[in-house]
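See structure below.
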Amino acid sequence: MKIASWNVNSVKVRLPHLLDFLKNAQPDVLCLQEIKCLADDFPRLEVATLGYKVEALGQRAYNGVAILSREPAREIVFGLPGDDGDDHARYLEATFGPSGAAVRVASIYLPNGNPSGTDKFTYKLGWMDRLNTHAAGLLRREIPFVLAGDYNVCPTDDDVYDPVGFRDDALCRIEARSRFRALLYQGLVDAYRVFHREPHKYTYWDYQAGRWQRDEGLRIDHMLLSPHAADRIVGCDIDKSPRGKERASDHTPIWCELAG
DNA sequence: ATGACAGTCTGCGACTGA
């Protein structure tokens with residue numbers, strides 16, 4: 001099962017690139033973030049022509065997550081549990097694959113949290129605490145799962161082109177990094193690091209100041225695997241080709257492949 | 001450095017993102 005994740009920064013604008021990616025990468029499951037539209041406005045017919053079904057949690061103008069899949073999603077959860085007052089469309093989770101090799105997959109769009117020291121930063125940290133609590137519940141069920149998406153966290157200085165300049169950025173603050181590590185300490189595996197040890201590999205490059213051309217980016221899109229899912233991993237990589245296109249998203253896809 | 005870039009709607013400027 002090939003699972004991919006991509007912050008498309010508007011699914012309407014990125015539709016041609018999305019269709020190209022589905023044709024080229026052929027994922028079984030694709031998690032999307034920042035679709036920036038209502039679920040009813042997702043271009044379902046266009047992706048259906050390529051054989052993909054859509055589950056989406058959207059909102060007007062901002063945020064919004066979706067999961068595309070060849071086979072229908074089961075047992076869908078809309079929204080990250082733990083705060084009934086949270087109305088941001090940032091979390092969608094469902095089960096995919098045959099019952100003998102089922103995988104629970106979540107598409108997550110973790111809050112950015114900038115500027116640090118504001119209510120936005122507090123919201124980010126609270127969201128990460130809820131994600132840790134939710135992951136603990138998933139682990140107790142002993143179902144293989146993959147938490148895929150835009151975490152808005154650079155786990156270490158190796159994941160930032162300018163660690164000094166980003167020292168006080170919400171993406172690099174110790175409060176965010178410690179909560180990301182808490183996910184790892186629960187037993188989750190950073191799929192990319194299973195296969196790639198080298199520093200300065202990125203999934204995001206700012207539109208400004210020629211960051212893409214200079215390869216000055218951030219590694220903030222991650223696929224965290226439960227131990228049972230990690231047992232099955234046979235590959236993981238960042239696909240840089242969509243970022244180089246005209247009118248690209250500022251993020252590029254990451255994917256992993258699980259046996260079975 | 002008042003900045004850059006890109007998306008959305010409140011729309012031809014303001015807000016958000018990372």
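Throughout, protein chains are lettered first and strands after them, A, B, ... in sequence-line order, and every chain is numbered starting at 1.
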Inset, instruction - Check every nucleotide of DNA chain B for an atom under 4.0 Å from a heavy-atom of chain A, then give the first and the last such nucleotide from 5' to 3'. - result: dA4(B) to dA18(B)
My understanding is that only residues two or more places apart in sequence, or in another chain, count here; which of them pass side chain to side chain contact (heavy atoms under 4.5 Å, CB included) with [X]?
| X | value |
| --- | --- |
| Asn132(A) | Arg179(A), Ala182(A), Leu183(A), Gln186(A) |
| Lys36(A) | Asn9(A), Ser10(A), Glu34(A) |
| Pro43(A) | Val11(A), Leu15(A), Glu46(A) |

Legend entry - Identified side-chain contact (heavy atoms from CB on, under 4.5 Å) partner of Leu258(A) from the options Val234(A), Asp231(A), Leu225(A): Leu225(A)
Legend entry - Nucleic acid contacts - residues 4-13 of chain A versus DNA chain B, non-hydrogen atoms under 4.0 Å: Asn7(A), Asn9(A), Ser10(A), Val13(A)
Inset, instruction - Under 4.0 Å from any atom of DNA chain B, heavy atoms only: list the residues of residues 155-173 of chain A that qualify, in numerical order. - result: Leu171(A)
Just call it for [X]: base, sugar-phosphate, or nothing, with non-hydrogen atoms closer than 4.0 Å on any strand.
| X | answer |
| --- | --- |
| Arg211(A) | nothing |
| Asn112(A) | base |
| Asp221(A) | nothing |
| Tyr202(A) | nothing |
| Lys124(A) | nothing |

Inset, instruction - Report yes if the side chains of Pro27(A) and Leu22(A) come closer than 4.5 Å at any heavy-atom pair, otherwise no. - result: yes
Rounded to whole angstrom, note down the [atom1] distance from [N] over to [M].
| N | M | atom1 | answer |
| --- | --- | --- | --- |
| dC12(B) | dG7(B) | C1' | 15 Å |
| dC5(B) | dA18(B) | C1' | 12 Å |
| dT10(B) | dT16(B) | P | 14 Å |
| dT2(B) | dG17(B) | P | 22 Å |
| dC15(B) | dG3(B) | P | 13 Å |
| dA6(B) | dG11(B) | C1' | 16 Å |

Output all residues satisfying ring pair (Phe, Tyr, Trp, His ring centres under 6.0 Å) with [X], sequence neighbours left out; order by chain, then residue number.
| X | value |
| --- | --- |
| Phe21(A) | Trp6(A) |
| His228(A) | none |
| His88(A) | Tyr123(A) |

Inset, instruction - If a pair satisfies ring pair (Phe, Tyr, Trp, His ring centres under 6.0 Å) and one of its residues is in residues 128-166 of chain A, list it, with sequence neighbours excluded. - result: Tyr91(A)-His134(A), Tyr151(A)-Phe180(A), Tyr151(A)-His222(A), Tyr161(A)-Phe166(A)
Legend entry - Pairs touching residues 241-260 of chain A that satisfy ring pair (Phe, Tyr, Trp, His ring centres under 6.0 Å), sequence neighbours left out: Tyr204(A)-His251(A)
Please list, one pair per line, the donor and acceptor atoms closer than 3.5 Å that link side chains of residues 73-81 of chain A to other protein atoms, with sequence neighbours excluded.
residue: Arg74(A); atom: NH1; partner: Gly97(A); partner atom: O; Å: 3.0
residue: Arg74(A); atom: NH2; partner: Gly97(A); partner atom: O; Å: 2.9

